[in-house]
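Structure record follows, encoded as structure tokens.
Side chains included, hydrogens not; waters and symmetry mates left out as well; all remaining heavy atoms used. Throughout, protein chains are lettered first and strands after them, A, B, ... in sequence-line order, and every chain is numbered starting at 1.
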Protein chains: 2
Amino acid sequence: MNNINKKIITVLLVDDHPMVQGGLSACLSFYDDIKIVGSTTDGKEALNKALTLKPDVILMDISMPLMNGIDATEIIIDQIKETKILIFSMHDNPEFVKSAIQAGASGYILKDITAEEVYFAIKAVASGKTHFSSSIAKMLLDNPISRHENDKLTTREQVILSHIAQGYSSKEIAKILTISFRTVEAHRRNMKIKLDIHSLAELIRYAVNHGIIEDNKCI
Amino acid sequence: MNNINKKIITVLLVDDHPMVQGGLSACLSFYDDIKIVGSTTDGKEALNKALTLKPDVILMDISMPLMNGIDATEIIIDQIKETKILIFSMHDNPEFVKSAIQAGASGYILKDITAEEVYFAIKAVASGKTHFSSSIAKMLLDNPISRHENDKLTTREQVILSHIAQGYSSKEIAKILTISFRTVEAHRRNMKIKLDIHSLAELIRYAVNHGIIEDNKCI
DNA sequence: TTCTACCTAAGTATTACTACCTAGTCAACT
DNA sequence: AGTTGACTAGGTAGTAATACTTAGGTAGAA
């Protein structure tokens, strides 16, 4: 192969699973136009390393201990415009994908793909293009990012929702937060309207799926 | 090191993420008393491979496409008594851990550990001992497996619950299943009693956490 | 066969939630 | 200075859920 004219792409790995990092390093070592210049296991550290290393591409996991990949992406994109971020996640949850795109990621690939696909995805985003796993692309077609997608819940609403999801009634929440139960009900109503949700069940599931309450808390 | 007296432990990898498999293979290749005799990406295929390869240890993921690691563990343990199963998961959900133990797994380690820890865990379960990641062991202390843990929901109750979790009211469910809404309410009540749950919110979360409804369905 | 589990169903009363409505305060931004 | 968004709070009315109760039918196990 003719690699003489190829510019070497520098890559920073961000993944909290040592196994995944090991696998990626091993798989990408076969390509001589890609150089892994660093790796870290958390979004917070990723930001520091990104600032010093200025990699062409960051291969970023989403679920990480201190700072998640979405938040890290948002901050890094904001501070280093030359760096492209390729999300490397095992989750094909539409919410994650949309958040990643809104945070400024150039691509989103799933962890069940082959090394070749990772390679092509890195090449694509490094050259300024976007790249999504075929299943992700298909999913985005089925779940278009709506106009109100950004209307996330306010801090107060999240507090209310976390209490609701824990099983407290409006009255109990009112007592806990020392506000009127009318206010609690107003928040309930507003959340349902802005999320286009029409039942308590969907609201609870929203809370679980969006990390407003931990999956296995109390159950 | 003196490896002369060491019996070589045969290991079967079961994980639907090629990256994880690659990382494991790479990491475990440094230990000459462990030999990876095969790998597969699904529990169903794992059963077949286990029967032909009869490995000493199966390193098993939980979330897999066709058959999950818990079900696969139960079947394999039942058919091949010599094989020990070490669950290798990224989830520290108490429910998963308990299910794994009840299915007959000899250990449960998290994916965020180092190669050395994986090695020691494999050695431990191969010699007939159990091995759990420290955080898992601690979690088990906090969430003891209760006497009624096996009192799972009946098929009918799961059907009712899945409808509840989708946001249908008792009346709507009654119409869908062509039973009296009184019956639906009776099921609701029975489920809450047997699960020791005191709010609809907890019931929904139980449904989400136990796979009675898919995490991101409709939301 | 008695026992148990499961699915079915209903009465009654209370509490919780939901859908409409209006409206004040406060902080931030144009 | 005016607008907007967030948080607060209340009225009224209807619907849903819950907590107690009892109880019939059916299938499988001890």
Side-chain angles (χ1 to χ4, degrees), chain A residues 78 102 146-208 210 212-213 218-219, chain B residues 102 146-210 212-213 218-219:
Chain A
D78 188 54
Q102 280 160 5
S146 81
R147 202 161 42 83
H148 291 290
E149 199 81 35
N150 287 16
D151 296 346
K152 290 282 165 59
L153 300 182
T154 65
T155 312
R156 194 57 162 173
E157 285 170 339
Q158 288 184 38
V159 171
I160 304 280
L161 180 51
S162 89
H163 283 83
I164 293 173
Q166 280 171 67
Y168 293 109
S169 69
S170 292
K171 269 188 189 174
E172 290 172 321
I173 298 169
K175 200 178 286 178
I176 292 168
L177 302 178
T178 55
I179 53 177
S180 162
F181 89 98
R182 288 294 193 181
T183 306
V184 178
E185 296 196 322
H187 283 303
R188 287 181 101 112
R189 186 165 25 82
N190 289 334
M191 283 189 275
K192 288 167 83 174
I193 291 169
K194 77 161 69 171
L195 297 173
D196 191 31
I197 275 175
H198 304 282
S199 71
L200 178 56
E202 287 175 280
L203 200 57
I204 307 298
R205 280 163 45 215
Y206 179 92
V208 173
H210 291 72
I212 287 163
I213 185 167
C218 303
I219 295 187
Chain B
Q102 281 161 5
S146 83
R147 202 162 41 85
H148 291 290
E149 199 81 34
N150 288 11
D151 296 346
K152 292 282 164 63
L153 300 182
T154 65
T155 313
R156 194 59 162 171
E157 285 170 338
Q158 288 184 37
V159 171
I160 304 280
L161 180 51
S162 87
H163 283 84
I164 294 173
Q166 281 172 65
Y168 292 109
S169 70
S170 292
K171 270 188 188 173
E172 292 171 320
I173 298 169
K175 200 177 284 177
I176 292 169
L177 302 178
T178 55
I179 52 176
S180 162
F181 89 99
R182 288 293 193 179
T183 307
V184 178
E185 295 196 323
H187 283 303
R188 286 182 102 110
R189 187 166 24 84
N190 289 335
M191 283 189 274
K192 289 167 81 174
I193 291 169
K194 78 160 68 174
L195 297 173
D196 191 31
I197 275 175
H198 305 282
S199 69
L200 178 56
E202 286 174 282
L203 201 56
I204 308 296
R205 278 164 47 215
Y206 178 91
V208 173
N209 293 332
H210 291 71
I212 288 163
I213 185 168
C218 303
I219 296 187

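Side chains of R156(B) and L177(B) form a contact here, defined as non-hydrogen atoms less than 4.5 Å apart. Contact of the L153(B) side chain with the H187(B) side chain is not registered, since no non-hydrogen atoms from C-beta on lie closer than 4.5 Å. Considering only heavy atoms from C-beta on, L200(A) comes within 4.5 Å of R188(A) through its side chain. For the pair I160(B) and T183(B), the minimum side-chain heavy-atom distance is 4.5 Å or more.
At the heavy-atom level, S180(B) lies under 4.0 Å from the strands shown only through sugar-phosphate atoms. Residue R188(B) is in sugar-phosphate contact alone, with no base atom involved, counting any heavy-atom pair closer than 4.0 Å across all strands shown. If you check every strand for non-hydrogen atoms under 4.0 Å, R182(A) touches a base. Nucleic acid contact class of T183(A) (heavy atoms, under 4.0 Å, all strands): base.
Put simply, CG on L177(B) is 11 Å from P on dA9(C), counting in whole angstrom units. In this structure, L153(A) places its CG atom 16 Å from P of dG5(D), rounding to the nearest Å. Y168(B) places its OH atom 14 Å from the P atom of dA17(D), with the value rounded to the nearest Å. Between the CG atom of L200(B) and the P atom of dA16(D) there is a distance of 14 Å, given to the nearest Å. Rounded to whole angstrom, the span from the CD atom of E157(B) across to the C1' atom of dA5(C) amounts to 10 Å. With rounding to whole Å, N190(B) atom CG is found 11 Å from dT8(C) atom P. For the pair M191(A) CE and dT18(C) P, the interatomic distance rounds to 10 Å; values are reported in whole Å. Between the CD1 atom of I173(A) and the C1' atom of dC7(D) there is a distance of 15 Å, given to the nearest Å.
Take the nearest nucleotide of DNA chain D for R189(B) and for K192(B): the residue whose nucleotide is more 5' is K192(B). Ranked by how close their nearest DNA chain C nucleotide is to the 5' end, E185(B) and I179(B) are led by I179(B).
One finds no side-chain N or O of S170(A) lying less than 4.0 angstrom from the OP1 or OP2 phosphate oxygen of dA16(C). Using a 4.0 Å cut-off, no side-chain N or O of K171(B) falls inside it from OP1 or OP2 of dT15(D). Using a 4.0 Å cut-off, some side-chain N or O of T154(A) falls inside it from OP1 or OP2 of dC7(D).
K192(B) and S199(B) get closest at one heavy-atom pair: CE-N, 3.9 Å.
Proximity note for S169(B) (side chain, C-beta onward) versus dT8(C), dA16(D), dC17(C): the nearest is dA16(D).
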